[in-house]
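For reference, the structure discussed in these notes is given below.
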Amino acid sequence: MAGSGTEQPFVIAGGGIGGLAAAVALARKGFAVRVLEQSSEFREVGAGIQLGPNIFRALDKLGLRNAVLADAWQPGALEMRDALDGHLVTRMPLNTDVFATRFGEPYAVTHRADIHGSILKAARDSNLISLETSRRVVDFEERGGGVGVTLDDGERVQGRALLGADGLWSRIRERILGDGAPRVSGHIAYRAVLRRADVPEDLWRPDVVLWAGPKTHLVHYPLRRGELFNLVAVFHSDRYEEGWNAEGDIGELMRCFQGQRPEVMRLLDKIETWRMWVLCDREPVKTWVRGRVALMGDAAHPMLQYLAQGAAMAVEDAVRIADEVERRPDDLAAAFAAYQDARYLRTGRVQLMARVYGEFYHARGVTAELRDRMLGARTPEQAYDGMAWLYGEAA
Ligand SMILES: Cc1cc2nc3c(=O)[nH]c(=O)nc-3n(C[C@H](O)[C@H](O)[C@H](O)COP(=O)(O)OP(=O)(O)OC[C@H]3O[C@@H](n4cnc5c(N)ncnc54)[C@H](O)[C@@H]3O)c2cc1C
């Protein structure tokens, strides 16, 4: 173990999936950590999340692979259908023997609260991690051999280093980069979770199914060992509301999906209340670090969700940070710089490719025709080749 546990703790601003994963990763190397979360409790919003093989490789390093898999659902395929005429655009088999041999880890879908809960439990079980709620970080200053962190009530917290895991609207990023608000994509996601019993039998599918329409798409998949069913409807809109939990306007949603396949319209009709997200991202940068302060997760590289990789990138960040800190415990500025150098091209590629996938999902006319030809012509092996840069190969 690299840390003696007696030095000042690492301070982490934000207790989402990224911040908690970093806390667990550092504690596993023997370092003490304080997680400061602005909310009154550690929690995730009620929605699903897809987990590619790469996140399981990272979770395995935290000892959390099996705990996360235990609550998850392993779909049989990623399927894309045209939302207007229903034709199959492409189907990538998942969790087959060939998939397992290629990537060495499964593809799963889970409830955000379940993956967050597994990481939170590991953090609670560690006597090196202090979890603190209603603690909003507003500023920091490097001083002496550490970092002084200021909270919104004026209290000062001293740490050996600070990780900004404070998400899309990161305060720490504002202080390091000052690059203003995130880019509003003009896409909005509405989400809802149904009990399996409330999904008409002929509409329930074991796979991740994406209905691609002009300027819209609907994704659905089972959650929590198949007991729940997750729906995410995305469309173009000028609406802007900060946060992850505003209530959606059903009238606007129905207008955008009007005329689509009965399967789509019947599923949308089942939902009484939608929560909404305004989707934002940023251009990739490589200035996430200032001395002993580093950004991670959405604070460093916020991305659109079209590759379903934001949480995976945050957990990969966490693992890498802990590895670099273990290598250079006495030079944390160098450790953080090494972490950034190892990560910015990979995360930047996901940020940019996610935009491309968004264009594909919402295409119409000739672009949709081209998409159908490009994606539809692939064999499963070619589809796996296309994802290997992201999912990684079996060791
Ligand atoms: C519609 C949608 C679908 C998605 N689907 C997927 C998917 O399928 N797969 C996937 O891997 N990713 C997906 N993502 C992305 C994923 O949700 C995020 O990338 C991931 O949650 C980022 O984690 P994080 O810990 O970096 O940030 P967050 O989850 O935003 O956590 C930040 C935390 O910091 C706290 N905080 C903020 N400011 C402060 C402060 N000043 N002081 C203290 N605490 C603070 C917040 O309260 C919060 O708890 C999706 C995103 C969206 C919007």
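Note that this is a predicted model, so its numbers are computed, not measured. Every number for a ligand or one of its atoms is a count from 1 in the order of the listing.
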Heavy-atom proximity to atom 27 (O) of ligand 1, picking from A300, G164, G167, points to G167
Of all the atoms in ligand 1, which lie at a distance below 4.0 Å from a heavy atom belonging to G16? 25 (O), 31 (O), 33 (C), 49 (O)
Closest to atom 52 (C) of ligand 1 by heavy-atom distance, out of R275, Q305, Q38, E37, is Q305
Between A165 and ligand 1, which part of the residue brings a heavy atom under 4.0 Å of the ligand: side chain, backbone, both or neither? backbone
Basic-acidic side-chain contact under 4.0 Å: E263, R81: no
Closest candidate by heavy atom, reference atom 20 (C) of ligand 1, pool D298, L295, I17: D298
Numbered atoms of ligand 1 (with element) below 4.0 Å of A312, judged on heavy atoms: 11 (O)
Is the shortest distance from a Lys or Arg side-chain nitrogen in K29 or D323 to a carboxylate oxygen in the other one below 4.0 Å? yes
Does D385 pair with R102 as a salt bridge, N-O distance under 4.0 Å? yes
Within the 4.5 Å heavy-atom criterion, are L268 and M254 side-chain neighbours or not? yes
Is R196 paired with E227 through a side-chain N to carboxylate O contact shorter than 4.0 Å? no
N/O of G310 under 3.5 Å from N/O of ligand 1, yes or no? yes
Near A308 (heavy-atom distance under 4.0 Å), the atoms of ligand 1 are 7 (C), 8 (O), 9 (N), 10 (C), 11 (O)
Heavy-atom contacts with R135 under 4.0 Å: which atoms of ligand 1 show up? List them by number with element. 42 (N), 43 (C)
For atom 4 (C) of ligand 1, which candidate among E132, Q50, R112 provides the closest heavy atom? R112
Could you tell me if the ring centre of H362 sits under 6.0 Å from that of Y306? yes
L36 heavy atoms within 4.0 Å reach ligand 1 at atoms 43 (C), 44 (N)
If we only consider heavy atoms of V232, is any one of them less than 4.0 Å away from an atom in ligand 1? no
Lys/Arg N to Asp/Glu carboxylate O, R175 vs D139, below 4.0 Å: yes
Would a single hydrophobic cluster contain both F360 and L370, if residues Ile, Leu, Val, Met, Phe, Trp and Tyr are joined by side-chain heavy-atom contacts under 4.5 Å? no
For atom 41 (N) of ligand 1, state which one of N54, L51, V137 supplies the nearest heavy atom. V137
Just distances here: any N/O of A311 and N/O of ligand 1 closer than 3.5 Å? yes
Within 4.0 Å of some non-hydrogen atom of G297, the atoms of ligand 1 are 26 (O)
Got a salt bridge between E37 and R136, using NZ or NE/NH1/NH2 to carboxylate O under 4.0 Å? no
Y190/W277 aromatic ring centres below 6.0 Å: no
Side chain, backbone, both or neither: S39 near ligand 1, heavy atoms under 4.0 Å: side chain
Check this for me, if you would: do E359 and R371 make a salt bridge, where the nitrogen-to-carboxylate-oxygen distance has to be below 4.0 angstrom? no
Is M303 near ligand 1, meaning one of its heavy atoms is under 4.0 Å from it? no
